[in-house]
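If you're wondering where the values come from, they're calculated on a predicted model, not measured in any experiment.
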Amino acid sequence: MAEFPVEPFRIKTVEPIRQPSAQERERILEEAGYNLFAVRARDVYIDLLTDSGTAAMSDNQWAGMMIGDESYAGCRNFFNLEEAVVSITGFEHFVPTHQGRAAENVLFTCTVEPGDSVPSNMHFDTTQANVIARGGKPVDLISDQGLDPTLDAPFKGNIDLQKLKEFIKETGPENIPLGMLTVTNNSGGGQPVSMENIKATGDMLHSYDIPFFLDACRYAENAYFIKMRDPKYADTPVLEIAREMFSYADGCTMSAKKDALVNIGGFLAMNDESLFEQARQELIIREGFPTYGGLAGRDLEAVARGLWEGIDEDYLAYRIGHTRYLAERLVEEGIPILKPAGGHAVYLDARRFLPHIPQQDLPGQALVCALYREGGVRGVEIGSVMFAREDPETGEVIYPELELVRLAIPRRVYTQAHLDYVVETCRRLYDHQEEIKGLRYTYAPELLRHFTARFEPL
């Protein structure tokens, strides 16, 4: 049996959950068009759709919300958040936003012109969509290690520096408004990026006068992986590791709904004062005044306190261990997953789980539906539905190299018994994998289709 870390907290409030019957689940799936985003939360038993905004906030955060200053301009909670952001990231300027995709929207509106390209290790869904919405091209340059789900390597989130160098030369620095790294790499299995790779990426981009930004929504988990997996940082506090990570970048986008342990919130930070002034004006148009950015004062306070809680090393040891426990239990049962365990989620390898379903028949989405049908467990597809695209020149559909189902674990929410139930559900499915059939679209929007697409069984 895999070792399970003891939670560094006690449970103070509970929320009841119910398990719909097998007949109910089948009906619910059909009514939802076989898209789990369209299933009501009350009809989900174990909800692993996302770790974004689903954390259980602490008593300290809830207490902070009671001192929310709801003044339109200059509320005291903004300055508490400013102190936390500047202390942790070191960036000189920041604007709050209602979540990470809003920070991306503001950043790319200020930087990306039609025809530009934005390189990254791997863009996640909203990052990719925000670049495309500005007429830009998101380009993934993940290392080859990151594309092998069976390889157990410490930093599979790294960008391939040689690919990045060749890309810059081919594209031209003048056509690259910024480069990014997602830490940890969500699209590639929640895998961390090494400090060496972060520094080298910054050095290379800066050598061509290209700004460098981090997608930092899981920066604390990435910092903890560096502490665990890089001997040079074994005795370095996570806060210092995080500060060094940020020191190599010019700014970051942040969904506080992840490592800041809140249900809503985010920010955009940077050093460039000119960009900051542009971002402030864009924020006023799209989000709100620069000292609230689309959030209530109480939410700003929860983010400020959550940022500090998210880098607590006892919490991070529990968090990473909790995810590792689920991964090790699945491996014990012979379930194919992407190795090693990520920070926020375990990723089922849908190609190996359902080898009889070709990618054009959407094996990841089929597995997501099967998990719900079998046990009321809701995960999310990270594969052909989310990332397949049509080549604009040939019209050919280009499928992603990874076909995954993400089981994202909400922070401080589920117990060991809940994770064991997920393992049992996966094992039952795997024992009868040949019975699972593929799907086809009945509706799909142009961007972010996984949120609202509808399907039917083949």
Side-chain angles (χ1 to χ4, degrees), residues 2-3 119-124 139-167 181-201 215 218 221-234 320-355 357 359 363-364 367 379-384 386-388 398-409 423 426 430 433:
E3 182 182 0
S120 176
N121 49 353
M122 293 182 85
H123 296 81
F124 198 55
V139 179
D140 294 341
L141 300 172
I142 188 71
S143 68
D144 291 341
Q145 284 189 342
L147 297 174
D148 183 353
T150 66
L151 178 67
D152 195 335
F155 294 107
K156 290 172 66 176
N158 286 355
I159 195 170
D160 188 307
L161 294 167
Q162 184 59 36
K163 291 179 185 177
L164 177 61
K165 186 174 183 178
E166 292 171 359
F167 170 79
L181 281 180
T182 306
V183 292
T184 58
N185 180 24
N186 192 3
S187 299
Q191 299 298 304
V193 181
S194 71
M195 188 71 80
E196 181 181 14
N197 193 253
I198 295 171
K199 182 180 186 302
T201 302
D215 177 345
R218 299 178 183 87
E221 292 175 4
N222 199 95
Y224 191 75
F225 275 122
I226 290 173
K227 182 180 180 69
M228 287 196 302
R229 296 181 180 178
D230 187 337
K232 296 192 297 292
Y233 293 91
I320 302 301
H322 195 59
T323 306
R324 188 179 67 248
Y325 174 83
L326 176 58
E328 291 179 359
R329 287 283 291 110
L330 288 167
V331 170
E332 287 173 3
E333 297 294 337
I335 308 298
I337 68 168
L338 186 147
K339 295 181 179 179
H344 68 290
V346 175
Y347 293 66
L348 304 177
D349 186 345
R351 274 178 163 173
R352 288 186 292 145
F353 200 114
L354 302 174
I357 300 180
Q359 272 192 290
L367 182 52
V380 68
E381 190 259 18
I382 309 283
S384 297
M386 187 176 287
F387 289 122
I398 302 172
Y399 291 97
E401 295 193 54
L402 296 173
E403 189 77 26
L404 307 171
V405 168
R406 187 186 69 181
L407 304 177
I409 305 174
V423 173
C426 290
Y430 198 56
Q433 64 195 101

Write down the atom of [X], the atom of [Y], and the distance for their closest heavy-atom approach.
X	Y	answer
Pro154	Arg229	O-NH1, 2.8 Å
Leu161	Ala200	CD1-CB, 3.6 Å
Asn121	Gly157	ND2-O, 2.9 Å
Thr182	Ser120	OG1-OG, 3.9 Å
Leu402	Pro149	CD2-CD, 4.0 Å
Leu151	Lys156	O-NZ, 2.7 Å

Legend entry - Derivation of the salt bridge (Lys or Arg N to Asp or Glu O under 4.0 Å) call for Arg329 and Glu332: CA-CA 5 Å; Arg329 287 283 291 110; Glu332 287 173 3; 3.3 Å; yes

Legend entry - Pair Asp230 + Lys232, salt bridge at N-O below 4.0 Å: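 Result for this pair is yes, salt bridge flagged.
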
Inset, instruction - Decide, yes or no, whether a salt bridge links Lys163 with Glu166 under the criterion of side-chain N to carboxylate O below 4.0 Å. - result: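 No salt bridge links Lys163 with Glu166.
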
Hey, could you give me the [atom1]/[atom2] distance between [X] and [Y], rounded to the nearest 0.5 Å?
X	Y	atom1	atom2	value
Asn158	Asn185	CG	CG	9.5 Å
Ile226	Glu221	CD1	CD	12.5 Å
Phe225	Phe155	CZ	CZ	9.0 Å

Inset, instruction - Tell me, yes or no, whether the heavy-atom count around Lys227 atom NZ, taken from other residues, nucleotides or ligands under 6.0 Å, exceeds 12. - result: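 Result for NZ/Lys227: enclosed.
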
Inset, instruction - Kindly check if the number of other-residue, nucleotide or ligand heavy atoms within 6.0 Å of CD (Glu333) is above 12? - result: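 For Glu333, atom CD is crowded (more than 12 foreign heavy atoms under 6.0 Å).
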
Inset, instruction - Walk me through it: do Arg218 and Val183 pass the test side-chain contact (heavy atoms from CB on, under 4.5 Å)? - result: CA-CA 6 Å; Arg218 299 178 183 87; Val183 292; over 6 Å; no

So do the side chains of [X] and [Y] get within less than 4.5 Å of each other, counting heavy atoms only?
X	Y	value
Met228	Ile320	yes
Leu181	Ile198	yes
Met386	Phe124	yes
Pro355	Gln433	yes
Ile159	Val193	no
Arg406	Glu381	no
Leu141	Phe167	yes
Asn186	Tyr347	yes

Under 3.5 Å: donor-acceptor pair, side chain of [X], backbone of [Y]:
X	Y	answer
Ser187	Met122	no
Glu403	Ser384	yes
Asp148	Thr150	yes
Gln191	Gly189	yes

Legend entry - Test log, rule side-chain contact (heavy atoms from CB on, under 4.5 Å), inputs Leu147 and Glu401: CA-CA 7 Å; Leu147 297 174; Glu401 295 193 54; 3.4 Å; yes

Inset, instruction - Could you point out which residue of Val346, Val331, Leu330, Ile335 forms a side chain to side chain contact (heavy atoms under 4.5 Å, CB included) with Val423? - result: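 Exactly one candidate clears the test, Leu330.
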
Inset, instruction - Mind checking ring pair (Phe, Tyr, Trp, His ring centres under 6.0 Å) for Tyr430 and listing every partner two or more places apart, or none if nothing turns up? - result: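 Only Phe353 meet the ring pair (Phe, Tyr, Trp, His ring centres under 6.0 Å) criterion with Tyr430.
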
Inset, instruction - Check side-chain hydrogen bond (donor to acceptor under 3.5 Å, both in side chains) between Asp215 and all other residues, then give those that pass, not counting sequence neighbours. - result: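 Asp215 satisfies side-chain hydrogen bond (donor to acceptor under 3.5 Å, both in side chains) with no other residue.
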
Legend entry - Worked check of side-chain contact (heavy atoms from CB on, under 4.5 Å) between Ile337 and Asp349: CA-CA 5 Å; Ile337 68 168; Asp349 186 345; 5.9 Å; no

Legend entry - Derivation of the side-chain contact (heavy atoms from CB on, under 4.5 Å) call for Leu338 and Leu404: CA-CA 8 Å; Leu338 186 147; Leu404 307 171; 3.9 Å; yes

